[in-house]
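Step one of this worksheet: look at the structure below.
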Protein chains: 2
Amino acid sequence: MGVTLRDVAKKAGVSAVTVSKVVNGTDQHISEETRLRIQKIVKELGYVPNAVAKGLKEKRTNMLGFLLPDISNSFFPEVARGIEDMAKVHGFGVVMCNTDDSAEQETERIRFLSSRMVDGIVFARALKNSNMRQLLSSGLPVVVVDRDIETEHTGMGQIFVDTQRGIYESTSLLIGAGCKKIAFISAEYAARFDRYQGYCDALQQAGLPVEPKRVYKDHYDVKTGYEGLYRILANTEIDGVVCGNDMIAVGVLNALKEKGISVPGQVKVIGFDDVYFSRYLSPPLTTVYQPAYQMGSAAAEMLIDHILYQKPLYKKNLDFELRIRNTV
Amino acid sequence: MGVTLRDVAKKAGVSAVTVSKVVNGTDQHISEETRLRIQKIVKELGYVPNAVAKGLKEKRTNMLGFLLPDISNSFFPEVARGIEDMAKVHGFGVVMCNTDDSAEQETERIRFLSSRMVDGIVFARALKNSNMRQLLSSGLPVVVVDRDIETEHTGMGQIFVDTQRGIYESTSLLIGAGCKKIAFISAEYAARFDRYQGYCDALQQAGLPVEPKRVYKDHYDVKTGYEGLYRILANTEIDGVVCGNDMIAVGVLNALKEKGISVPGQVKVIGFDDVYFSRYLSPPLTTVYQPAYQMGSAAAEMLIDHILYQKPLYKKNLDFELRIRNTV
DNA sequence: GTGAAAGCGCTAACAA
DNA sequence: TTGTTAGCGCTTTCAC
């Protein structure tokens, strides 16, 4: 920074306008000679356009906001990377905003990003649909990268995985492996793609009863898995556990080990997400992979296409994938 | 966005300047009446100052750049969170830039950030000191969050952990536990704080020989741990493994399990970093904790103090911490 | 082929 | 107590 259009112009003996045109290639009718001279001086002086000034003028900053619960929760770093890689390709940068799923934080950060004139927002979330409305009212294009979104929000783009179907399949895998008494441990909330529903559907399909005693819902964390398993085992027997995510599966695995119950011998376990260390658990966790990186890059791509070429936002369903390892 | 200072001014029947003064509290000599009237209209209209315009004018954007190898590598998400939390407290935002440790990427991103007029850069890195020089020449204040930095770079702030001492202590722990034939598996590179040196020092201190056959260096990843262990075991016997980081320890643990060698019975293992899932490995990994979150927040704090109050940048040594679990 | 004028939204310095 | 002027660095329009 420091060296401006004017500096270049002065040294080249032309006006700032001409330099601008050359630098941006915005005008064909510049003599080859002038163009070359200017380009040379640009290099000499190490001129770099001031993106802030440019943004102010053009009302486009080539910046994306990334709103997420917490970057230090696995799953999100991959998403972040996907977003940034795609953004970079198109000359965009990304501003990261952790909100801890708090509505106030979200509101505040949206205001922040909007004041900073980001051109669009990728909104990754796990829970409530809190202030979707506020997001919309900001007028900014938004793409929601959602694992579970409650309602349709017209006007927003969406990248999602059918987690209900994913859990349906993970449950079916356990059933296929001979489990008859399958527990379900997950987080507590209503969602468009209800994991619990996927679990119920699979049981029903197989003619197995849904036993409330085998269901535990709290949070998407290790503690929930651990405590859930103990709670369920206090009341009933099980031969399989369907987990709402891999963190829960980690808790379940730990509790099972503590109780001396063999996996997959006595109890089979299946996770969800395929967080990068799941394969290193022991036994390596069988789980359902969600394409986190791809979700991020697809979201950024949609947003940028919209910003740059006015392509409409849309809904995109990405495929999950069973990852068979050693807990089933 | 959309509603400007002028809009507020018009509606309040004052000039834009007055509104600016009221909004920023930059002028005591505004009548209570005017102030109140303006504040009311600001609320009504939902006026939010345009940070881009403000940044251009003031030459301060209240934005930090965060340059790192890869957010999807454990350790960095925590750092990122630390940075963002501290930044937020001071009204700063953070632009995340992954560089995969590539010098070209770093150069390019630094230019990018600089053109965007970020007020400072947090540089988290694991390896080579590539283009430190370029960073400096950008004129931007920089704080390096480093696990291993090669040289002194005057002018830059620095947050670090004495990893050499950390490995010295982790090795000593193994020695104290009775190990005589300790392997060392880590990444290959020279650094200010040389982990390998820490390992050697500890052995020497205990009168134990340093056997090249027991040393393997490649990358900070699972594969290195896995292959390193196999390689070493092909040539010699061991009763302990000091790992350069937790990823390596994961590989070591897996290889050991594969070979039917018990941990910590036959071989003891110690990691480094205390990545958040280390405690869930089996057995739970004994390791050395690096305060990643704190490193991020300390870096951001130093930078912001410098930006806002011209406090000089400095070097800060953060403490590591032995986390005794079940692999030793 | 090139440049002058105007303005993006804001604020510091100075006037009134 | 308030407003005018000027300008941050850039680009668009339109005149030359």
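It should be emphasised that the depicted structure is a prediction, and the values quoted were computed from it without experimental measurement. Side chains included, hydrogens not; waters and symmetry mates left out as well; all remaining heavy atoms used. Chain letters run A, B, ... following the sequence lines, proteins first, then strands; residues in each count from 1.
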Distance-only criterion, 3.5 Å: show the donor-acceptor pairs between side-chain atoms of residues 32-43 of chain B and protein atoms not counting sequence neighbours.
residue : atom : partner : partner atom : Å
T34(B)  : OG1  : S31(B)  : OG           : 2.4
R35(B)  : NH2  : I30(B)  : O            : 3.4
R37(B)  : NH1  : A12(B)  : O            : 2.3

Task: Selected nucleotide, minimal atom distance to K59(B) side chain, candidates dT11(C), dC8(D), dC10(C) - done: dC8(D)
Task: Estimated bend of the helix from dG1(C)-dC16(D) to dA16(C)-dT1(D) (axis per five terminal pairs, rounded to 10 degrees) - done: 50°
- [ ] State which residues pass ring pair (Phe, Tyr, Trp, His ring centres under 6.0 Å) with Y293(B); sequence neighbours excluded, sorted by chain then number.
- [x] none
TODO: State which of dA4(C), dC10(C), dG3(D) makes the closest approach to the side chain of S15(B).
DONE: dG3(D)
- [ ] Kindly write out the residues that satisfy side chain to side chain contact (heavy atoms under 4.5 Å, CB included) with T4(A), not counting sequence neighbours, or none if the list is empty.
- [x] R6(A), D7(A)
TODO: Would you please say whether a donor-acceptor pair under 3.5 Å links the side chains of T18(B) and S15(B)?
DONE: yes
Under 3.5 Å, sequence neighbours excluded: what are the donor-acceptor pairs made by side chains of residues 64-71 of chain B?
residue : atom : partner : partner atom : Å
D70(B)  : OD1  : R81(A)  : NH1          : 3.0
D70(B)  : OD1  : S72(B)  : N            : 2.9
D70(B)  : OD1  : S72(B)  : OG           : 2.9
D70(B)  : OD2  : S72(B)  : OG           : 3.2

Open item on the list: Can you tell me which nucleotide in dC10(D), dC10(C), dA12(C) comes closest to the side chain of K54(A)?
Closed with: dC10(D)
Open item on the list: Under 4.0 Å, heavy atom to any atom of DNA chain C: which of residues 18-34 of chain B qualify?
Closed with: S20(B), N24(B)
Task: Residue list, side chain to side chain contact (heavy atoms under 4.5 Å, CB included) with T26(A), at least two apart or on another chain - done: N24(A)
Open item on the list: With salt bridge (Lys or Arg N to Asp or Glu O under 4.0 Å) as the rule and sequence neighbours excluded, what pairs involving residues 47-57 of chain B come up?
Closed with: none
Task: Contacts of type side chain to side chain donor-acceptor pair (under 3.5 Å), residue Y47(B), not counting sequence neighbours - done: none
